[in-house]
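Remarks on the structure that follows.
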Amino acid sequence: MYAGTGIPQRLQIGNHSKDRPVSAMSSQQLDQISLTSLKGVGPALEKKFHQLGIYNVQDLLFHLPLRYEDRTRIDSIGRLSVGQHVQLQGEIIGCNIQFGRRRSLHCVLRDNSGVISLRFFHFSAAQKKSLHSGAQLRCYGEVRRGRAGMELYHPEYKVLQDPDSEPIADSLTPIYPATEGLQQGRLRNVARQALELLERSEQLRDYLPPQLVTKLRLQSLTDAIRHVHQPPIDTSLNYLSGAVNPGQKRLAFEELLAHRLCMRRFKNDSNKQTAPQLLADNELLTRYLRQLPFVLTNAQQTAYQEIASDLSGACPMLRLLQGDVGSGKTVVAALSALHAIGSDYQVALMAPTEILAEQHLLNFREWFEPLGITVGWLSGKSKGSERKKTLDSLVTGMCQLLIGTHALFQDEVVYARLGLIIIDEQHRFGVHQRLALRDKAATGDLNPHQLVMTATPIPRTLAMSAYADLDNSIIDEFPPGRTPVNTAVVASNRRDEVVQRIDNACSDGNQAYWVCTLIEESETLQCQAAEATAKHLAQQLPHLSVGLIHGRMKSKQKREMMERFKGGDLQLLVATTVIEIGVDVPNASLMVIENPERLGLAQLHQLRGRIGRGSVHSHCLLLYQTPLSESSKQRLAVMRESTDGFYIAEKDLELRGPGQVLGTQQAGLMTFRVADIGRDAALLDEVRDASEIVLTQFPEIVDPLIRRWLGDIANYVNV
Ligand code: ADP
Ligand code: MG
């Protein structure tokens, strides 16, 4: 739908203006000025910016800080307390490598009021060299209670050549959403340049109709942008969750409006489209239900009825199926698929990861093949003749259900009669992909129905905004016979007891998971950590058979490992967070999650949902690393108190904000840059009214507003 404004065109503009001096660009619209025209930005860095959805100077201005740090003063080492974020300056009086449970680089920093330790668990040789005795340092970080008294872990730091003349920030320091290889310093630097351009040109188009701005007493766009990037010292540090100030209100309003317009247009478009009217083959459904070893819960039945009624209509269904982990969404998806297949249409079932897609493949083959239904498989790794065979069987209509990853919607995948798309784990796809998918999947005049399933319950406020274009079905009941998981929070110095518990549980014929997490976003490091842990546990528990599964393994290996665990051949499975989704082993009744403080509540809840599926009492042990920050303590307490996914989701939103809940790191997900659904709830009514006015009276600003805040939808879709 944005074909005319796609990337290539923009890149072209970028190339043209590349060598022009900044002053000559002043009269240009900021969205026409390329990133490479800024100092310090070359083609390589430009690519990194693209990963964040930033293509021009205007995009930079709308890349808004997540939070702020106060670096406008230097704190005294003698007057620190645990939990404080501080900026320190002093001389290094000692630096050595310490070996303990974890190897670390330990430096002692002194100012005229006292000394404090700085500790780095990951460090390079060059880093060690620069942090020598006598070096003058300025650093910023959180005060923690550590091995040597008060410590800063991994502070951001700068070695000073001339400590006396090093300037101090005179406004709050913004912290931007970042990506690997694009550090805060860089982001701040280019943001500053973008603001200078704004200052000089004032060429940022204000799309909001003046009468709206007056009526709602909104600040000017330029002022608001300036304020948010460089807030004066007296601004509340709790900016993103604190009281609303005018700049923030203006931007939050515009952002919410853009999102709302996007949803509204999506919904309008889809009401105008036609979908195949799918009528269920009741005999087929009955045959399927009869072969299940259980009966549907009432909630499953209701959900299916809601879906069935949509599927038999002439408008494409757009429905979100929510249900806690383990509530039985897959069966509802299967019924929906059968509904479409019984009407002689094809179904595509897409999952975000190969491991989850394969789990579905196993289930659906087992269920559907006895019914004479052909189930196909396609992933990014399907190659050669196998791939060709699958594609051929799709075109001919032979393949009735295709399961896989993003690969299902590559250009060369052509369906004969696609009637229904089922997307599992909606969170990871985001609204942008949802939009693009619908267009791609259309065959002729008919648009397929869409069912999106999410295992992470979505808090009401988020459902009202981020998912406003979808109808909702909720499975609010568990299959009978589940015993709630008992959760305990355990400090890592009691690791030996935990290992003993695994031993006991496995001796009783149960199975256990050990989940490794790592603070870095690096998959490689995470896999290495899991390998080391598996080795170690195998030594400690020589009479148990210990398996290992992580994201770097080949899918065949992963599958074999999972089958062995499922079959009872392995008793303990060490895993990275890849098992978060997709594994179903009812006999597993114990889960240890190492460093749970590093994960969000939703993810912890997901993981924990892998146990408690059988009849034995299950236990989840959250093995945390001391010292624990106050907010981590709160979050782990929520896990201990509750097993209700909806409650946990609300708490998560409260404690971390929507950006984090939806996952800012994962490119392409819908997140708000400045709006906060909780805090700005009062704006939602005004936003709704304004969106009606804009749609009817100012349709020409819809596109530019959406593009400004949500980016080019095309950029988000890597299919
Ligand atoms: P999720 O909602 O997390 O995707 P699943 O669909 O994977 O949940 O179901 C979890 C487990 O519960 C599976 O083993 C499934 O076979 C089982 N199950 C689903 N529905 C029922 C039911 N009505 N009664 C008993 N067990 C069920
Ligand atoms: Mg599931």
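Predicted model, so just to flag it, every value in this text is computed and none were measured. Whatever order the structure lists them in is the order used to number ligands and atoms, beginning at 1.
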Only pairs at least two apart or in different chains count here, so list each salt bridge (charged side-chain N to carboxylate O under 4.0 Å, His left out) that has a residue in residues 315-326.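 Those involving residues 315-326 are Glu306-Arg319, Asp310-Arg319.
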Work out whether the distance between some heavy atom of [X] and some atom of ligand 1 is less than 4.0 Å.
X      : value
Val295 : yes
Val332 : no
Gly326 : yes

Quick check on contacts: which atoms of ligand 1 are under 4.0 angstrom from a heavy atom of [X]?
X      : answer
Asp324 : 2 (O)
Thr297 : 23 (N)
Val325 : 3 (O)
Leu296 : 23 (N)
Ser327 : 2 (O), 8 (O)

Which side-chain N or O atoms in residues 640-647 pair as donor and acceptor under 3.5 Å with protein atoms at least two apart or in another chain?
residue: Ser642; atom: OG; partner: Asp644; partner atom: N; Å: 3.0
residue: Asp644; atom: OD1; partner: Phe646; partner atom: N; Å: 2.9
residue: Asp644; atom: OD1; partner: Tyr647; partner atom: N; Å: 3.4

Taking 4.0 angstrom as the limit, do Lys556 and Glu560 come out as a salt bridge? yes
Thinking salt bridges, do Glu412 and Arg387 make one under a 4.0 Å N-O criterion? yes
Would a distance-only check, ignoring hydrogens and angles, find a side-chain to backbone donor-acceptor pair under 3.5 Å from [X] to [Y]?
X      : Y      : result
Gln511 : Phe565 : yes
Asp281 : Leu284 : yes
Gln273 : Leu446 : no

Does only the side chain of Met453 get under 4.0 Å from ligand 1, or the backbone, or both, or neither? Count heavy atoms.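 Neither; no heavy atom under 4.0 Å.
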With heavy atoms only and a cut-off of under 4.0 Å, state how Arg482 meets ligand 1: side chain, backbone, both or neither.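 Within the 4.0 Å criterion, Arg482 contacts ligand 1 through side-chain atoms alone.
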Is there at least one pair of N or O atoms, one from Thr330 and one from ligand 1, spaced under 3.5 Å apart?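 There is such a contact, yes.
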Phe294 N/O under 3.5 Å from ligand 1 N/O: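 Checking ligand 1 against Phe294, no N or O pair falls under 3.5 Å apart.
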Is any side-chain heavy atom of Tyr288 closer than 4.5 Å to one of Leu371?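 Yes. Closest side-chain heavy atoms under 4.5 Å.
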